[in-house]
Structure formats: C-alpha cells, structure tokens
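Some notes on the structure that comes next.
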Amino acid sequence: MREIRAKLNDIAKRRGIFWNSYDIYGGVGGFYDYGPVGSLMKKNLLDIWLEEFVYKDGLFLIDAPAIGPEIVYRASGHLEKFTDYMVRCKSCGHAFRTDELIKDYVEFPDALGPEEIEKVIRDHGIVCPDCGGELGEVEEFHLMFSTRIGLDKIGFLRPETAQGIFVNFPTLYRINREKLPMGVAQIGRGYRNEISPRQGVIRQREFQMAEIELFVDPEDKFNEDMIEDYPLPLLTMNGENIKISAKEAYKSGLVDGYILYYMVKIMKFMERIGVDTSKVRFRQHHREELAHYSKDTWDCEVLISRGWVEVLGISYRGAYDLEHHMRYSGVDMRAFRKFKEPKKVRRSRVIPRMEILGPMFKGNAMKIAQQMEEMEIEGEKKELKIEVNGKTYEVPSEAYDVVDEEVTLAGERFIPHVVEPSFGIDRILYSILEHSFYEREDSGYKVLRIKPEIAAIKAGVFPLMAKDGMDSKAREIMKTLRERGINAYYDESGSIGRRYARADEIGVPFCITIDYQTLKDSTVTIRERDSTEQKRISITELPDMLDSLIKGKLEFSEI
RNA sequence: GCAGGCGUAGUGUAGUCUGGCAGCACAAGGGCCUUCCAAGCCCUUAGCCCGGGUUCAAAUCCCGGCGCCUGCACCA
C-alpha cells in the first residue's frame with residue numbers, strides 16, 4: 001500500500017503535479033505546491049464542483065477574506081475550542097492535554113486559564129500519568145494561525161471558510177429577497193496550524209476548501225421529492241455498515257433530508273470526477289467527536305492507501321453560528337417567517353420611561369430601553385436586570401410601564417438552521433490520483449487513468465519522426481487545437497512509444513500522431529490512453545471530435 | 001512535541017561501520033538511427049538537507065537545526 005504512495009509521489013514531483021513547498025530551504029511540513037500539471041487538475045476539479053453544486057442548484061458564490069479579526073473567531077467558538085492547553089512531563093517528555101489531567105478535580109476544566117490550571121496541578125499533586133515524573137509549565141497551543149491586522153489588532157487566518165458566509169448572512173438574505181432556503185458557496189483556502197502534519201497532501205496546514213452553507217427554515221417541511229433514489233453506503237454511529245437507498249434512509253429517519261440530498265449529489269460528483277465509488281462511504285460521527293458547532297455530522301470517506309480518509313463532511317450546524325454572531329455583534333441575524341394567517345395575540349408590552357432611564361444610565365439608556373421593549377413581563381412589575389456590553393444594569397420597576405394590548409402578528413423572526421457540506425479539495429484530488437493510478441500489466445508502465453475532464457493536458461501531438469515535414473504539420477495541428485480551447489502540447493523527443501508513456505504518466509487521455517500518411521491524405525491517428533487503441537481520422541474533424549471526447553459526449557469506441 | 005529510523009544529481013540507490021579524487025541505473029537535453037507504444041549508439045547537464053565543530057583532510061565522526069518515515073500524543 002505504501003508502494004502506490006511512493007510511486008505517485010515520484011510522478012507528482014517529476015512531472016509537476018505537487019511537491020513539498022520551500023524545497024530549497026529544506027521544505028516546511030504541511031505545505032505543498034501544486035505544479036503545472038496539478039494546478040490545472042485542481043482548477044478543472046473546482047470547475048466541475050462549481051457546475052455540480054453551485055450552478056445546478058442556483059446557489060450564491062461569495063469570496064471573503066482569509067484573515068478575520070479576533071472577535072469573529074471568538075464568536076464562532078474557534079478561539080476557545082481550537083486552543084489546547086498542554087503540559088509536558090519533565091522526565092519522559094510526553095505531552096498531555098491539561099483538560100484530561102484535571103477533569104477529575106474540576107467541574108469545568110475548559111473554563112480555566114493557564115495559571116488556574118497550573119494551580120490545580122500543583123494543589124492536587126498531579127504527576128505524569130506515564131512515568132510519574134514532575135509536570136512542566138502549561139503551554140498554550142493554538143490550532144489557528146494568528147497574525148496582526150494593522151498595528152495592534154489581533155487577526156486570525158480562517159480555519160474554515162464558513163465564517164465568511166455566516167457574518168454576511170443579513171446582506172445575503174436581503175440579496176436573495178428574504179427567501180429561504182438559501183445556499184451560499186465559497187471556494188478558498190483554510191489554515192490550521194497542525195502540530196505534526198505527517199500525511200502528505202492529506203493533512204496540510206494550508207488547504208483548499210470548497211464549502212456550502214445552506215440556510216433553511218427548521219419548520220419548513222422537507223420536500224421528499226428532492227431525494228433521488230440512489231444506493232448509499234453508510235457507516236452509522238453504532239458501527240453498522242449498511243447499503244441503503246436514499247429514499248429509505250429518509251423514511252426511516254436515519255439521516256436528515258438535506259444531508260441525504262447532498263449525499264446523493266456527492267456520490268454522483270465522485271463518479272463524474274473519477275473517484276471509485278465502491279471505495280466511498282458516509283460515516284456518522286459519534287456524539288463525542290462532533291465539532292463544537294455541530295449536531296449531526298456525516299463524513300464522506302474514501303478508501304486510499306492510508307485507509308479510510310475523510311474528504312468532506314456534511315454537518316448539521318443548526319442555529320449555532322448565526323446565534324453566536326448575533327450575540328457578539330448585536331446585529332439581528334434572524335430571518336422572517338410569515339404565518340399562514342395573521343395571528344392576533346394579547347401581550348403585555350414594556351414601555352420604558354425615558355425621563356427616568358435617561359438620567360440614570362446616561363449613554364447606555366437607549367440600549368437598555370431597546371432590550372426592555374423586547375422583554376415579556378408576567379405578573380408583578382419588578383426590578384429588571386439588563387445586560388449591555390457585558391455589564392449588568394439594574395432597572396427599578398418605576399422606570400417602566402406595562403401595557404396590555406392586542407396585536408396582529410404577520411409572522412415571526414427566527415434563526416435559520418444551517419446544513420454545511422464542506423469539501424477538502426486536496427484530499428479529493430489525491431483520492432482521484434490514487435484511484436486512477438495503475439501499471440500496465442505487460443510493460444509495468446505507469447498510467448494515470450483520470451477522466452479527460454480532470455486531466456491537465458487533453459492531448460499530445462506527436463510527429464512519428466521529426467523530419468520530412470511531419471514536425472511542422474504536428475505543430476500546426478497543436479496550434480489549431482489550442483485555439484479551439486483544447487490544452488494540447490507538442491513532443492518530438494525520443495521514440496513514439498516513449499512519448500506515449502510520458503503522456504500516460506500525467507493522464508493525457510488522447511495522443512495525436514502525424515505520420516507519412518498524414519502528409520498524403522490529411523488524416524492522423526488518435527490514440528486513447530487506457531486501451532492504447534488507435535483510430536485514423538481526418539484533420540478537419542479532429543478538433544470537434546476531441547472536444548466531444550473530452551466532454552464525455554462521445555466515446556472513443558464510437559469513432 | 002517525545003522515542004526510534006532515515007536524508008547522496010530530477011528519481012531510485014552504492015559509498016558512511018573502518019575519514020583520503022562521489023559511483024551506478026533510470027529520467028532529462030543534444031546528435032545519429034528509426035514508418036506507432038520507455039529499442040540502440042555517441043555526447044551533455046546534474047548531487048552528499050542546512051549550520052557549526054573535530055581533523056592535514058568530513059558524504060563518512062560529534063553537536064544543533066530542518067525535513068521525511070514508524071509509533072505515541074495531537075488532529076478530522
């Protein structure tokens with residue numbers, strides 16, 4: 001199994017798919033460059049992603065910055081959850097997460113700062129669980145890269161692109177003319193300062209993401225017709241491996257409707273881009289491994305040489321993110337849901353008496369009054385506790401009146417729920433590479449059997465020999481193809497077989513060869529990568545035919 | 001981050017123990033030959049991970065760093 005990785009890495013570096021970054025300085029772990037071939041493959045993959053997930057479903061696409069101010073990641077919960085406190089044993093050197101060490105002594109280990117944690121360790125005489133040695137100082141470890149915005153503002157590099165969408169919800173909701181469901185996609189890089197990223201392109205510190213946030217009204221009934229009948233390989237929370245049709249999975253309530261909708265789309269996407277769908281499954285997260293924002297998550301895993309690897313996740317994030325941004329920013333992140341019939345409601349409304357509040361709270365009076373107006377008072381008037389900017393103010397009962405009134409409500413406000421399919425593009429591309437790699441049985445030559453749509457270069461144009469005008473004819477044909485928008489290249493070096501082999505290694509699906517017959521009757525041979533079969537066609541029909549072959553509208557066997 | 005192993009042309013490796021001109025194969029570039037799947041012949045390019053130390057002399061020994069692999073821990 002490691003062999004395929006070694007062979008692939010060899011081709012990747014030699015032929016320009018990817019390699020470890022900053023090579024001349026010894027390389028830096030967790031960072032990879034895509035070369036001339038790999039970049040085009042990734043670009044083609046992202047184009048198909050856009051087509052399948054954005055254009056076909058009419059989603060929005062946005063492009064937000066990678067750097068965000070501290071408050072955004074405080075609100076999202078990443079700052080807290082992505083920071084671990086660790087201690088290292090002074091004698092054996094093993095590292096431990098402090099929350100694990102102190103959880104038996106403290107009720108909320110996550111709530112403590114480094115000094116408090118150290119105190120707990122000292123007070124309870126906690127020692128190294130492995131060797132009993134003395135523990136060192138508490139160290140903080142951030143999984144987020146931090147930087148500086150301007151002179152002294154702290155900024156973080158996004159660990160996911162999602163927050164760039166959430167913070168824009170009110171604007172996007174308006175642009176969508178206040179309708180749900182609303183899907184917003186974003187393609188961008190995410191950054192995580194992994195402690196030891198040692199799985200090649202599978203675990204990078206800077207990686208390509210493509211994410212969708214689907215905002216839905218949790219009270220809307222899911223439209224069952226959206227789910228196509230498609231067999232899905234599921235690995236449930238209980239460890240059960242089942243093959244179940246999407247419709248059945250919906251009826252049994254095993255998986256949320258929207259998540260199922262995406263599962264089916266993802267299976268078809270995998271098929272189109274050339275991931276072996278017999279090596280794909282959806283694995284449900286256990287409750288304890290759910291991310292801090294998620295209620296239910298299904299990972300899409302692909303079987304490669306390293307075992308089952310998560311290439312994307314579909315999370316049910318509920319109202320978590322919008323709720324938090326609403327609380328931290330004070331901006332209303334809610335959507336409006338109209339009642340079928342307007343409702344008449346009796347309610348008691350608070351009317352603040354500004355002449356009392358004004359002198360009492362000065363500049364904060366307006367904000368306090370605003371909050372009071374949203375409160376429901378039942379029974380006796382009493383002192384109110386109002387929180388503004390993190391401070392609590394006590395408002396005496398004489399500072400407001402309560403009026404009973406009957407109002408007609410057209411609808412209500414609510415925080416939309418979010419379903420998030422989040423794609424790790426690098427991992428998907430790597431899966432494609434592993435699944436399409438093979439060695440020819442007779443010769444042992446290496447071939448990347450990647451889909452023509454994904455292939456970086458679509459056609460090689462070779463003169464049988466670089467003489468007698470075959471070379472200039474070949475250059476001419478290459479130029480025609482390039483002008484037609486087909487990425488072609490010319491190669492005259494070495495024997496024809498060698499050139500085919502070079503093309504096979506980077507997955508060039510079609511090779512055009514110009515021979516002596518071409519000079520007589522203007523026909524060329526076209527060779528298909530996987531079968532190595534050749535057919536003879538006229539130069540005039542070549543560009544159209546190649547275009548159809550690449551787009552999958554024409555099979556090579558049909559020529 | 002810890003422990004162990006490893007790091008030599010683009011790639012794969014020999015040489016390291018026992019310090020003394022860095023070698024081989026493939027790939028790549030040029031030429032000859034060649035009428036369709038890495039053929040052959042000639043030529044060429046190109047390397048000791050980085051830094052320090054020991055030594056007359058370091059790829060080789062020592063120290064530090066970086067990177068890769070395996071395990072632990074961490075992570076999805």
Side-chain angles (χ1 to χ4, degrees), chain A residues 2 5-7 9-16 19-31 35 81-82 84-97 100 128-131 136 139 141 143 159-160 190 192-200 202-205 207 283 285-286 289-291 294 297 299-301 308-313 315 422 424 427 440 442-447 460 462-468 470 491-505 511-519 524-529 531-534 536:
Chain A
R2 276 173 64 190
R5 253 180 277 156
K7 286 173 183 169
N9 283 339
D10 168 33
I11 293 177
K13 171 130 197 218
R14 208 154 36 77
R15 306 304 310 277
W19 55 78
N20 190 214
S21 301
Y22 310 111
D23 203 31
I24 62 165
Y25 291 107
V28 181
F31 293 98
K81 298 293 175 178
F82 268 39
D84 285 338
Y85 292 108
M86 300 176 68
V87 277
R88 209 158 301 160
C89 170
K90 282 181 178 172
S91 50
C92 73
H94 288 191
F96 305 93
R97 284 176 51 168
E100 290 292 319
C128 172
D130 285 359
C131 73
E139 298 167 48
F141 189 80
L143 218 53
E160 55 172 11
R192 290 180 194 182
N193 199 5
E194 305 283 359
I195 300 176
S196 86
R198 262 189 314 192
Q199 294 165 60
I202 292 302
R203 203 155 141 233
Q204 299 183 58
R205 289 182 165 130
F207 50 98
R283 187 179 70 85
H285 276 207
H286 290 273
E289 67 175 328
L290 287 174
S294 180
T297 295
D299 280 348
C300 177
E301 298 184 328
W308 288 97
V309 167
E310 179 203 346
V311 300
L312 67 95
S315 314
S422 168
R427 292 180 174 191
R440 293 205 193 279
D442 44 352
S443 54
Y445 301 147
K446 301 170 179 69
V447 186
F462 312 146
L464 189 57
M465 279 170 293
K467 62 176 188 184
D468 298 334
M470 286 184 280
D491 189 0
E492 60 166 39
S493 152
S495 73
I496 191 74
R498 178 179 295 236
R499 284 174 268 163
Y500 288 146
R502 274 199 284 252
D504 288 345
E505 261 190 357
C511 292
I512 314 300
T513 301
I514 285 75
D515 54 15
Y516 280 105
Q517 197 179 329
T518 308
L519 305 176
V524 293
T525 62
I526 174 167
R527 173 227 191 227
E528 198 266 340
R529 177 192 63 210
S531 61
T532 74
E533 268 174 44
Q534 291 188 60
R536 186 164 281 276

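In the text below, chain A, chain B and the rest are named by the order of the sequence lines, each starting its count at 1.
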With sequence neighbours excluded, residues passing salt bridge (Lys or Arg N to Asp or Glu O under 4.0 Å) with Asp23(A): Lys13(A)
Mind checking what makes salt bridge (Lys or Arg N to Asp or Glu O under 4.0 Å) contact with Glu528(A), not counting sequence neighbours? none
Taking side chain to side chain contact (heavy atoms under 4.5 Å, CB included) as the test, write out the residues that go with [X], two or more places apart.
X	result
Gln517(A)	Asp515(A), Asp521(A), Thr523(A), Arg536(A)
Ser21(A)	Phe31(A), Asp33(A)
Arg499(A)	Phe462(A), Pro463(A), Asp491(A), Ile496(A), Arg502(A)

How close or far is atom [atom2] of [N] from atom [atom1] of [X], stated in whole angstroms?
X	N	atom1	atom2	answer
Asp23(A)	A9(B)	CG	P	11 Å
Ile11(A)	A28(B)	CD1	C1'	16 Å
Tyr22(A)	C50(B)	OH	C1'	18 Å
Gln204(A)	C68(B)	CD	P	12 Å

Sugar-phosphate only, base, or nothing, as touched by Arg427(A) at under 4.0 Å among non-hydrogen atoms: nothing
If you go through the side-chain atoms of Arg198(A), does one of them form a donor-acceptor pair with the base of G71(B) closer than 3.5 Å? yes
Counting primed atoms plus P, OP1 and OP2 as sugar-phosphate and everything else as base, spell out the protein contacts along nucleotides 33-39 of chain B at 4.0 Å heavy-atom distance: B, S or - for each nucleotide, 5' to 3'. -BBBBBS
Less than 4.0 Å between a side-chain N and a carboxylate O, is that true for Glu533(A) and Arg527(A)? no
